[in-house]
Amino acid sequence: MYTNTPTNNPPSRVPPNTSPTARLAPSILEKLKILSDAAKYDVACTSSGINRRGDGSGIGNTLACGICHSFSADGRCVSLLKILFTNECIFNCAYCQNNCNSDIPRATFTPEEICTLTIEFYRRNYIEGLFLSSGIIVSPNYTMDLIYQALYRLRTVYRFQGYIHVKAIPGADPLLIEKAGFLADRMSINLELPTSHALHELAPCKSRTTILKPMRQIQNGIIQNKNELMVYHKTPQFVPAGQSTQMIIGATPENDFQIMSVAESLYQKFDLKRVFYSAFVNVNQNSSLPMLSQGPPLLREHRLYQADWLLRYYHFTVNELLSESRPNFNIYLDPKCDWALGHLECFPVEINTADYKTLLRVPGIGAKSAKRIVKARTGCRLDFPDLKKIGVVLKRALYFITCSGRMMYPTKLEEDYICRNLLSDKTQIPRELREESYRQISLFDDVNFGGGKNVCISV
């Protein structure tokens, strides 16, 4: 396995847009507008998953780093520069706005421009890291090599030690992916669509095998690198923050049970940190794709994320949440409440005696509040005011718990009764989805942030 950081600059390759007619090429700011907007549908950027301090010889670190306009574990609002290397592409994926047949403005950065943007944005305190994806220009190898050149210059020439999340290009030389892995903190490879059949129908130029092969390579590289670090403590780290992937939801007819089964399998077989779900937007108005009269399936996407959280942190399995006879999530109730209503024989749970995993099954009790309950009750018996201080959402939990054998209010343990009360909880549906307008904006939109509208900012 490649373990040594190169000591010489890699050979320079000039992208097609730096031809003798370069005076007609867009400026770096024009490229930034095009390629930051082109990256907005790629949602698989995430918090760093690694705490690495700078060594003092460069700029930046990865301490509690996070995603675009999100919050880190210590409460800081942090951001990444989220861009494509290029929106040129040789492929014709029906769902992608950057496919080779789309009539859109095109642009391609050079490796030096990627470095300039990252460093200048960082110095102005706009960002704390970089999320870099790309279309496929010339070939997978050519594209991956350009990405590697950019990462190499950032790390060795500019001494940038901040967080970098980069997309690996399926079909590229494994050595290029490996070399990039020693420069990035996290890597991801988009699964694109939930099934191989769907991929064949909408992206015949891609295959599930081509996608899973580098995913397995990265997994094996991480494991091997961890073993090497136990022996050789100064060995360069390979993708220390792990890998993630993304699936488009709603472009093909798979149900929630199929989608979550794929996600569960990816977590188990490839040790992924995250699976991201992207609500389908028919940006190309392609006749082979569904026309969604009510817009992107954002509520469905939200339910999938909630269920994904249950898989990763709450010890649920897909077969507990869904089945072939009941293959889709309840759009009115979150998956945890829906599961609890179907398993009332497990309730009520006594707060002062239930174990940690049992507490996690209670609606309104999260992982942090469950840990606080277990810790707090060692010194005294807890009552409902104590649970509120701990952070339990009592308007959901009160139907499923007792404190010293007593419920908070006289409550019937009946599905219809509890369901009616839970449906009155407006937080079951995210606020931005209850608003009349929901759209994703870019860094360059002129937005009045005092207008009270909820928006998702994509840098």
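Reckoned from all heavy atoms, side chains included, excluding hydrogens, waters and symmetry mates.
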What is the minimum heavy-atom distance between [X] and [Y], and which atoms define it?
| X | Y | answer |
| --- | --- | --- |
| T86 | A107 | OG1-O, 3.1 Å |
| A279 | L298 | CB-CD2, 3.9 Å |
| L151 | A180 | CD1-O, 4.1 Å |
| N330 | R303 | O-NE, 3.2 Å |
| I137 | L146 | CG2-CD1, 4.3 Å |
| S102 | N284 | OG-OD1, 3.5 Å |

Just by modelled atom types, is the [Y] backbone N or O under 3.5 Å from a matching donor or acceptor in the [X] side chain?
| X | Y | value |
| --- | --- | --- |
| S188 | A168 | no |
| Q268 | S265 | no |
| K336 | L360 | yes |
| H343 | W339 | yes |
| Q246 | F276 | no |
| K167 | M187 | no |
| R155 | L183 | yes |
| D256 | F329 | yes |
| N282 | N286 | yes |
| N99 | C96 | yes |

- Message: Going by the rule side chain to side chain contact (heavy atoms under 4.5 Å, CB included), which residues pair with R208 if we only count those two or more places apart in sequence or in a different chain?
- Response: L191, S196, L212
- Set of residues satisfying side chain to side chain contact (heavy atoms under 4.5 Å, CB included) with respect to V362, sequence neighbours excluded: F347, V349, I365, A397, F400, I401
- Residues that Y356 engages under ring-ring contact (aromatic ring centres under 6.0 Å, His included), provided they are two or more places apart: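 Expected list: none.
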- Mind checking what makes ring-ring contact (aromatic ring centres under 6.0 Å, His included) contact with H200, not counting sequence neighbours?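 So H200 forms no ring-ring contact (aromatic ring centres under 6.0 Å, His included) with any residue.
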- Message: Set out, in order, the CA-CA distance, both residues' side-chain angles and the distance that settles side chain to side chain contact (heavy atoms under 4.5 Å, CB included) for D271 and I222, then state yes or no.
- Response: CA-CA 10 Å; D271 299 324; I222 292 171; over 6 Å; no
Pair [X] + [Y]: basic N to acidic O under 4.0 Å:
| X | Y | answer |
| --- | --- | --- |
| K33 | D37 | no |
| D185 | K273 | no |
| R396 | D425 | yes |

I need the [X] [atom1] to [Y] [atom2] distance, nearest 0.5 Å.
| X | Y | atom1 | atom2 | result |
| --- | --- | --- | --- | --- |
| R274 | L272 | CZ | CG | 11.0 Å |
| I218 | F270 | CD1 | CZ | 10.5 Å |
| K206 | N92 | NZ | CG | 10.5 Å |
| L202 | L193 | CG | CG | 5.5 Å |
| Y148 | L175 | OH | CG | 8.5 Å |
| M247 | E301 | CE | CD | 11.5 Å |

- Task: Kindly state each residue pair satisfying salt bridge (charged side-chain N to carboxylate O under 4.0 Å, His left out) with at least one member in residues 233-243, sequence neighbours excluded.
- Result: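 The answer is none; no pair qualifies.
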- Task: Only pairs at least two apart or in different chains count here, so list each salt bridge (charged side-chain N to carboxylate O under 4.0 Å, His left out) that has a residue in residues 321-330.
- Result: R326-D338
Just checking, any donor-acceptor pair under 3.5 angstrom between side chains of [X] and [Y]?
| X | Y | value |
| --- | --- | --- |
| T195 | E254 | yes |
| S207 | T209 | no |
| D145 | Q149 | yes |

- Task: Could you give me the CA-CA distance, side-chain angles and deciding distance for F160 and Y122, then say whether ring-ring contact (aromatic ring centres under 6.0 Å, His included) is met?
- Result: CA-CA 10 Å; F160 181 68; Y122 181 84; 5.7 Å; yes
Would you say [X] has more than 12 foreign heavy atoms packed within less than 6.0 Å of its [atom1]?
| X | atom1 | result |
| --- | --- | --- |
| Q285 | CD | yes |
| N125 | CG | no |
| H315 | NE2 | yes |

- Message: Would you say the rings of Y305 and Y277 are close, in the sense that their centroids are separated by under 6.0 Å?
- Response: yes
- Message: Aromatic contact between F238 and F182, with the criterion being ring centroids under 6.0 Å apart: yes or no?
- Response: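 Yes.
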- Establish, for the pair R361 and F316, whether the NZ or CZ atom is under 6.0 angstrom from the six-membered ring centre and no further than 45 degrees off its axis. yes
- How far apart are the C-alpha atoms of F109 and L35, what are their side-chain angles, what is the distance that settles it, and do they pass the side chain to side chain contact (heavy atoms under 4.5 Å, CB included) test? CA-CA 9 Å; F109 285 124; L35 294 172; 3.3 Å; yes
- Test log, rule side chain to side chain contact (heavy atoms under 4.5 Å, CB included), inputs W309 and R312: CA-CA 5 Å; W309 203 264; R312 290 187 294 129; 3.1 Å; yes
- Message: Between I169 and I147, is the side chain to side chain contact (heavy atoms under 4.5 Å, CB included) condition met? List the steps.
- Response: CA-CA 9 Å; I169 306 298; I147 291 173; 4.2 Å; yes
- Item | Sole residue of V166, N190, L84, I83 in side chain to side chain contact (heavy atoms under 4.5 Å, CB included) with S133 | L84
